[in-house]
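Note sheet for the following structure.
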Amino acid sequence: MASESGSTRLDPATARAALDGVSGARARIADRIKSPWWYHPGIGLSLAFAFASPSIDWDLIPYGVILGVGLIPMLLAFLLKRSTGVGVDHYMATEGTRHLAMKYSLLLTGLIVTGAVLQWAVGLRWAMAGCGLAAFLLTTFTGHRIEQALHRDVREGT
């Protein structure tokens with residue numbers, strides 16, 4: 001039966017089936033965007049390398065930063081997309097993930113500042129490497145939390 005606007009009216013059973021189909025599709029997508037076990041530790045290790053490069057050797061700093069902050073994370077993101085078949089920005093996809101990513105960014109910035117002050121102002125040689133270890137742990141833990149929030153938000157449709 002057509003309404004005055006030209007669209008058709010759905011009976012409640014058809015509407016319920018359509019909503020169930022959308023819920024099922026969201027659940028399937030949430031399952032596909034699950035990162036492999038190596039993704040978050042890999043990102044953490046790449047950041048740890050970038051942090052540790054000043055402690056290891058001054059000449060290594062540019063390479064450590066380029067590899068640890070740029071090239072290795074890009075390679076891991078490419079491999080993630082190939083393994084899941086879905087390309088998603090885990091950190092900015094939903095409101096819940098953006099909130100956690102902002103906290104993570106602030107904590108990571110704090111580690112950078114702490115490591116730099118301890119390494120160069122105080123003269124504690126391996127301070128950046130120690131902060132790199134903390135960045136690895138923070139990145140791995142927070143990455144899993146962000147992924148859980150992403151799955152929850154996608155399943156709920158938020």
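When reading the values below, keep in mind they use all heavy atoms of this one structure, side chains included, and skip hydrogens, waters and symmetry mates.
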Donor-acceptor pair, distance only, cut-off 3.5 Å: does the side chain of [X] make one with the backbone of [Y]?
X      : Y      : answer
Ser46  : Gly68  : yes
Glu147 : Ser35  : yes
Thr140 : Leu137 : no

Handout entry: Residue pair Asp57, Tyr63: steps toward the side chain to side chain contact (heavy atoms under 4.5 Å, CB included) verdict
Key = CA-CA 11 Å; Asp57 185 0; Tyr63 303 107; over 6 Å; no
Practice task
May I have the step-by-step check of side chain to side chain contact (heavy atoms under 4.5 Å, CB included) for Phe51 and Leu108, ending in yes or no?
Solution key: CA-CA 11 Å; Phe51 269 80; Leu108 198 61; 4.1 Å; yes
Go through the structure and list residues passing side chain to side chain contact (heavy atoms under 4.5 Å, CB included) with [X], not counting sequence neighbours.
X      : value
Leu79  : Trp38, Leu75
Ala48  : Phe136
Leu67  : Phe49, Leu71, Ile72
Ala134 : Leu111

ILVMFWY network linking [X] to [Y], side-chain heavy atoms under 4.5 angstrom:
X      : Y      : answer
Val113 : Met102 : no
Trp37  : Tyr39  : yes
Val122 : Trp126 : no
Leu118 : Ile112 : no
Leu45  : Val69  : no

Can you measure from [atom1] ([X]) to [atom2] ([Y]) and round to the nearest 0.5 angstrom?
X      : Y      : atom1 : atom2 : value
Leu133 : Leu138 : CG    : CG    : 11.0 Å
Arg145 : Leu150 : CZ    : CG    : 14.0 Å
Ile146 : Thr97  : CD1   : OG1   : 7.0 Å
Leu100 : His144 : CG    : NE2   : 13.5 Å
Thr94  : His151 : OG1   : NE2   : 10.5 Å

Exercise for the section: State which residues pass side chain to side chain donor-acceptor pair (under 3.5 Å) with Ser55; sequence neighbours excluded, sorted by chain then number. Expected result: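 Residues passing side chain to side chain donor-acceptor pair (under 3.5 Å) with Ser55: Gln119.
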Handout entry: Closest contact, heavy atoms only, Ala116 versus Met128
Key =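 Taking every non-hydrogen atom into account, N-SD, 3.3 Å.
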Exercise for the section: Work out which heavy atom in Ser83 is nearest to a heavy atom in Pro36; give both atom names and the distance. Expected result: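 In this case the closest contact between Ser83 and Pro36 is OG-CG, 3.5 Å.
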Practice task
Could you tell me which residues satisfy ring-ring contact (aromatic ring centres under 6.0 Å, His included) with Trp120, sequence neighbours excluded, listed by chain and number?
Solution key: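 With neighbours one apart ignored, the set is Trp58.
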